[in-house]
Amino acid sequence: CPAARACPGTTKLYLDRYGQVGLTKLTRGPSRKKEAIWTESRRKAARSAFSVVLRPTVNCNQDCWFCSANETSRNVEEDPNQMLRRIARVVRAGASWVSFSGGEPTLSKHIIDYVTVAKRSGAEYVELVTNAVLLEKEEKKI
């Protein structure tokens, strides 16, 4: 397929459920975008981002077909001390919204600490992108 360098292909889950019916290869690959020119106004806008997404893990306890997190996801910080420093650093840099995603962020033993540090560092909003399966467990309650 001409898009192979940019597309991992159809998921096994989809193929198992629906097979190859209706799938056709692209006739051409995706167009390459020109390299962005970093003007001072673009640099200023990038520095003023108010939201940050951090991933304590890419592991998950579900297999959601729509999920975009996997082993190639960036912004993963599995070392708890590094994550705590990173949270404080991004909030000090101006992020008012810290989102913990994954995989499943509640699989992290340290998620309570991460949320606490984000709030104590001054984040106005702290978000958990979760399937909520583990939120019933006593050790995950805040």
message = Which residues pass the side-chain hydrogen bond (donor to acceptor under 3.5 Å, both in side chains) test with Glu40, not counting sequence neighbours?
response = Arg47

ask   = Which pairs with one or both residues in residues 115-124 pass salt bridge (Lys or Arg N to Asp or Glu O under 4.0 Å), sequence neighbours excluded?
value = none

Pairing residues for Arg85 by the side-chain hydrogen bond (donor to acceptor under 3.5 Å, both in side chains) criterion, not counting sequence neighbours = Gln82

ask   = For Ala95 and Val52, which heavy atoms make the closest approach, and how far apart are they?
value = CB-CG1, 4.1 Å

inquiry  = On a heavy-atom basis, which atom in Val126 and which in Ala123 lie closest, and how many Å separate them?
reply    = CG2-CB, 4.2 Å

key: Nearest non-hydrogen partners of Phe100 and Pro105, listed with the distance   = O-CG, 3.6 Å

ask   = Can you tell me how far CG of Leu134 sits from CD1 of Ile111, rounded to the nearest 0.5 angstrom?
value = 11.0 Å

Separation between OG1 of Thr57 and NE2 of His110, rounded to the nearest 0.5 Å = 11.0 Å

Within residues 86-100 or reaching into it, pairs that qualify as salt bridge (Lys or Arg N to Asp or Glu O under 4.0 Å) - sequence neighbours excluded = Glu77-Arg86

message = Is there a side-chain contact between Val98 and Tyr125 in this structure, where contact means two heavy atoms from C-beta onward sitting under 4.5 Å apart?
response = no

ask   = Can you name the residues that form a side-chain hydrogen bond (donor to acceptor under 3.5 Å, both in side chains) with Asn131, not counting sequence neighbours?
value = Asn61, Glu104

inquiry  = Within the structure provided, determine whether Val129 and Val53 are in side-chain contact (heavy-atom separation under 4.5 Å).
reply    = no

inquiry  = The criterion is side-chain hydrogen bond (donor to acceptor under 3.5 Å, both in side chains); which residues satisfy it with Glu127, sequence neighbours excluded?
reply    = Trp97, Ser99

Least distance between heavy atoms, Asp113 atom then Leu84 atom = O-CD2, 4.0 Å

ask   = Closest heavy-atom contact between Ser108 and Pro56?
value = CB-CB, 3.8 Å

